[in-house]
**Student:** 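Handing you a structure now.
Chain letters run A, B, ... following the sequence lines, proteins first, then strands; residues in each count from 1. All of these numbers come straight from a predicted model, not from anything done at the bench.
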Amino acid sequence: MPRDFFCRDPVTLAVDLLGKLLVHESPEGRTSGIVVETEAYLGREDRASHGYGGRRTPRMEPLYGPCGRAYVYVVHGRPLLNVVAGPPGEPTAVLIRALEPREGIELMARRRGVRVERASDLKKLCSGPGRLTQAMGITREHNGVDLVEGPLRFEDVGYEVREVVRRPRVGVDYAGEDALRPLRFYVAGSRFVSRR
DNA sequence: TGTGCGATGTCCT
DNA sequence: GGACATCGCACAT
């Protein structure tokens, strides 16, 4: 996707990322999946956002950088993939929470350490923000990489999203009122959405 | 140099 | 539905 696609407010971007194909061409092989669940983080005004109140640390630099780059940070020992949104310079981002696996199922299963023997096992691969990074081979080394061009990128493959569901975000209870805001988005009816 | 804590996942009941 | 493993940060000493 072109730079302009990412340089929009995080809510719009979170919705429009649904249905796009996330591709990673790594030395181990190619993996990809359709984005089916996202969350918007609104930056300075959003208590759940790392950028709340303009907070800024060396690790967070990509969050303040150009839109369309990755902001990867580790929580509970697992890397999470965020896409830096607009407007440029604001610490806004979209968290990728779940994918519908498409290419490289075997490689994903190997990275995840699970066996895929029936269709229902596919949910174990990318249904969760920490799961999908592991399956796709995304590590904290990807913090700051450009997603417009390069081995890790989003592509429009014509996937039609019929209906989008809005819900409060997951795991941000500490954020008070902001925890109640419906900033989690997922494809209605997708069985690859993370539970909870 | 030390300490606390998650934008989680998994296993167990 | 609940316990806990986990580990890199951020911030306090």
**Student:** Tell which nucleotide pairs with C/dT13, taking only Watson-Crick or G-U wobble pairs whose two distances are both under 3.5 angstrom.
**Tutor:** none
**Student:** Given that both distances must come in under 3.5 Å, which nucleotide forms a Watson-Crick or G-U wobble pair with B/dA7?
**Tutor:** none
**Student:** Kindly indicate whether the side chain of A/His76 and the base of B/dA7 share any N or O donor-acceptor pair separated by less than 3.5 Å?
**Tutor:** no
**Student:** May I ask you to say whether A/Glu28 pairs ionically with A/Arg111, meaning some side-chain N is under 4.0 Å from a carboxylate O?
**Tutor:** yes
**Student:** Whole angstrom is fine here: how far is it from CZ in A/Arg112 over to P in B/dG9?
**Tutor:** 8 Å
**Student:** When the ring planes of A/Phe154 and A/Phe6 are compared, do they come out parallel, tilted or perpendicular, using 30° and 60° as the limits?
**Tutor:** tilted
**Student:** Rounded off to whole Å, could you give me the OH-to-P distance for the A/Tyr52 and B/dA7 pair?
**Tutor:** 15 Å
**Student:** Taking pairing as Watson-Crick or G-U wobble with both contacts under 3.5 Å, can you name the mate of C/dT6, or confirm there isn't one?
**Tutor:** none
**Student:** With a sphere of 6.0 Å drawn around CD of A/Glu45, does it hold more than 12 non-hydrogen atoms of other residues, nucleotides or ligands?
**Tutor:** no
**Student:** Are A/Arg169 and B/dA7 close enough that a side-chain N or O sits under 4.0 Å from OP1 or OP2?
**Tutor:** no
**Student:** Could you give the NZ-to-P distance, from A/Lys124 to B/dG9, as a whole number of Å?
**Tutor:** 15 Å
**Student:** Look at the side chain of A/Ser32 and the backbone N and O of A/Glu103, then say whether any donor-acceptor pair between them is shorter than 3.5 Å.
**Tutor:** yes
**Student:** Atom CD of A/Gln134 to atom P of C/dC7: distance rounded to whole Å?
**Tutor:** 12 Å
**Student:** How many whole angstroms separate atom CG of A/Leu81 from atom C1' of B/dT8?
**Tutor:** 15 Å
**Student:** Which listed nucleotide (C/dA10, B/dG9, B/dT8) is nearest to the side chain of A/Thr57?
**Tutor:** C/dA10
**Student:** Does B/dG6 have OP1 or OP2 sitting under 4.0 Å from an N or O in the side chain of A/Tyr73?
**Tutor:** no
**Student:** Under 4.0 Å between a side-chain N or O of A/Arg56 and OP1 or OP2 of C/dA10?
**Tutor:** no
**Student:** Are any side-chain N or O atoms of A/Asn82 and backbone N or O atoms of A/Ala93, one a donor and one an acceptor, separated by less than 3.5 Å?
**Tutor:** no
**Student:** Within this structure, what is the CZ-to-P distance between A/Arg78 and B/dG9, rounded to whole angstrom?
**Tutor:** 6 Å
**Student:** Measure from the side chain of A/Leu95, starting at C-beta and using heavy atoms only, and say which of B/dT8, C/dG8, B/dA7 lies closest.
**Tutor:** B/dA7
**Student:** For A/Asn82 and B/dA7, give me the distance from atom CG to atom C1', rounded to whole Å.
**Tutor:** 7 Å
**Student:** Is there a stack between A/Tyr174 and B/dG6, judged by ring centres under 5.5 Å and planes under 30°?
**Tutor:** no
**Student:** Please report, rounded to the nearest Å, how far the P atom of C/dA10 is from the CG atom of A/Asn143.
**Tutor:** 10 Å
**Student:** When you measure from the side-chain N and O atoms of A/Arg131 to the phosphate of B/dT10, is any distance below 4.0 Å, counting only OP1 and OP2?
**Tutor:** yes
